[in-house]
Amino acid sequence: MTCCGSFNDRPRGSRAGFLLLVGLIALVAGGKAILSDTLDPDCFWHLRVAGQLRTDGIGPLADRLSFASIQSPWTPYSWLAELGMRWLWDHAGWRSIIAVQAIMQAALVGLIAWSCRAGVRTSELKPTEPHFNPFDVAAPGAFSAVIATAFAAFLSLPYLSFRPVTAALVLIAAAGALLVRDRRHGERTRSVWLIVPIAALTVNLHLYAIFIPLWIFSLLSGAIWEWRHATFTRPETERRATRYGYLLIATGLACLATPMLPGVISSALKYQYADPMVAGNYIPEMQPFFRGTMGTISAALVTISLACVVAGYARIRAGEWVWLAFSTVLLFRLGRFAPIFAIAMAPIFAATLPNLSDRLLSKPIMLAAMSAVLLLGIGRVVAQFPSRSVTLDQWLNRRGSDVAGYPCAAAEFVAADVKPITGRIVNEFSWGGYLEWRLGDRYQTLLDGRTQLFTPELWRATCLGTNGDRKRFLQKVHADAAILPSKGSEFHDALVSLGWRSAFRDDRAEVLLPPAQMRDNARDWSTALFVGE
């Protein structure tokens, strides 16, 4: 992957300008975790699963969080990440979770930027020398790399939060950068073999580890194509193909280095072929990436980037074409694969952008301006980091009831004022993990974000069903309370028609009690209690 313009011809100071601009993009990515995000709903059930891993051991678990989940043991394939998350929470507090999320998101941007600039040099070999690489005579400029990095960050940020997949994406970005750097140095760097332990670590964090050997397979396919079409000398091509073959075998074996291997394979197959929630476009990240206003902008940017790649096709080797084609198919398969596409696309996009001068990045006034903006941005992010006087409940719902949050007051009400008889709570999809974390010592939830733990029939009767389907399903459910959104609840009308009545309500959540619970409770529940946050 190359771009016009020699490194020696670039103006001095462009490196500093490049680092400052990347710093600003990384600050936006990291600052998002502090300035606008709340904790991911899945974060909470990951913490609960980690507690069960500690007591039951590393291996398949019998679920104790939900009363409607499957009875057979399930595989927590992100076990290592879950234990790490729980360790952080227990030893450094919930604020450390926010800080680590910000660091991971900023690190992802930094690694993508490195992949766009990795191995920047001008070849000192002559075309007649055996190790000459015609694709290594120049590399992307600083400004091109910044544009590609910003593109990748914009595409990835909506899908990043504090959960195992974000840590996996950081490691995958590191593997991608090592591969790009190795390509630009004629496939001769020793550091590329660090991808093997990276793959072994990643597979214990998330299923995405499989993309590392698949990317290497793409480059191996390109090397074989180059051999058949005599792009390089035969000995050189054979060496490249052999090297990628060994790397593919090594990373493939590394992806087997998990105690959860059978469950990892079965979970991947279920997500791909048998999960109605994945196929049903119910979960936002499982929807096409081009949905909504921001999705339209993303689609336009993807179109522009692909057009640049097509226009600059001569600068890309066969392996990168296979790599890009595979990543593009993933992007259009599910929105959640947007970061995978971004990691693969960014260095290719940077290499095929039209000639862009780096002189602007070397001007003292620009360097001073970028430094000032970066310092001001850091100051704002630090100032907005939650202080010790801020409680977790306040932080989770700090952006008001119109933005996604959690039923903190409703959960407190149930813990304090509802008598546990069945030990069950009815809830909707996005709050299951939080309620398991908050009330899991006394209650089991109906469902949560672990879609593989519930039967397709349950999903079709609840999240993917009609109001009539939900009413027929909930009629058979015996629970002590229901904690539902105050606005836009899917279960509210069905439960009310079955005799459930409101016992608590604020501007975020409502607690409904079943008829028997209403009669048995010592308080007069016939009048709804309204409490403002």
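Treat the numbers as computed from the prediction; the structure is a model and nothing was measured.
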Ring centres under 6.0 angstrom apart (Phe67, Tyr443): no
Does any N or O in the side chain of Trp79 come within less than 3.5 Å of the main-chain N or O of Gly59, such that one atom is a donor and the other an acceptor? no
Assess whether a salt bridge exists between Glu285 and Arg291, defined as any Lys/Arg side-chain N lying under 4.0 Å from an Asp/Glu carboxylate O. no
How are the rings of Tyr282 and Phe429 set to each other: parallel, tilted or perpendicular (split at 30° and 60°)? perpendicular
Within the side chain of Arg424, is there an N or O that forms a donor-acceptor pair under 3.5 Å with the backbone of Thr445? no
Taking 4.0 angstrom as the limit, do Asp63 and Arg450 come out as a salt bridge? yes
Indicate yes or no for a side-chain donor-acceptor contact from Gln105 to the backbone of Ala29 under 3.5 Å, with no hydrogens or angles considered. yes
Can you tell whether the side chains of Asp37 and Lys32 come within less than 4.0 Å, N to carboxylate O? yes
Glu320 side-chain N/O to Arg317 backbone N/O, donor-acceptor pair under 3.5 Å: yes
Would you check if the distance from the ring center of Phe473 to the ring center of Phe491 is below 6.0 Å? no
Under a 3.5 Å distance rule, please check whether Ser218 uses its side chain to pair with a backbone N or O of Leu214 as donor and acceptor. yes
Side-chain (Ser266) to main-chain (Gly263) donor-acceptor, under 3.5 angstrom: yes
Aromatic centroids of Trp437 and Trp89 separated by under 6.0 Å: yes
Within a reach of under 6.0 Å around CZ of Phe217, are more than 12 heavy atoms found that belong to other residues, nucleotides or ligands? no
Any donor and acceptor pair, going by atom type alone, linking the side chain of Ser96 with main-chain N or O of Gly93 inside 3.5 Å? yes
Kindly determine whether Gln452 and Ser267 satisfy side chain to side chain donor-acceptor pair (under 3.5 Å), including the steps that lead there. CA-CA 7 Å; Gln452 77 275 24; Ser267 295; 5.0 Å; no
I'd like to know if the side chain of Thr166 and the backbone of Phe162 have a donor-acceptor N/O pair within less than 3.5 Å. no
Donor-acceptor under 3.5 Å (Asn427 side chain, Leu447 main chain): yes
Look at atom CZ of Phe143 and say whether more than 12 heavy atoms of other residues, nucleotides or ligands are closer to it than 6.0 Å. no
In a check of ring pair (Phe, Tyr, Trp, His ring centres under 6.0 Å) between Trp215 and each of Tyr208, Phe326, Tyr244, Trp323, which one passes? Trp323
Taking the side chain as every heavy atom from C-beta outward, state whether Trp114 and Leu111 have any pair of such atoms under 4.5 Å apart. yes
Any Lys/Arg nitrogen of Asp441 or Arg48 sitting under 4.0 Å from an Asp/Glu carboxylate oxygen of the other? yes
Should the pair Tyr271 and Tyr77 be assigned to parallel (<30°), tilted (30 to 60°) or perpendicular (>60°) ring geometry? perpendicular
When rounded to the nearest 0.5 angstrom, what distance separates CG in Leu324 from CE in Met345? 5.0 Å
CD of Gln444 to CD1 of Ile425, rounded to nearest 0.5 Å, is 10.0 Å
Going by an N to O cut-off under 4.0 Å, is there a salt bridge joining Asp90 and Arg54? yes
Is the distance between the ring centroids of Phe289 and Phe332 under 6.0 Å? yes
Judged by atom type as modelled, is there a donor-acceptor pair below 3.5 Å linking the side chain of Ser66 to the main-chain atoms of Ala68? yes
Assign the ring pair Phe341 / Phe151 to parallel, tilted or perpendicular, where the plane angle (0 to 90°) is split at 30° and 60°. perpendicular
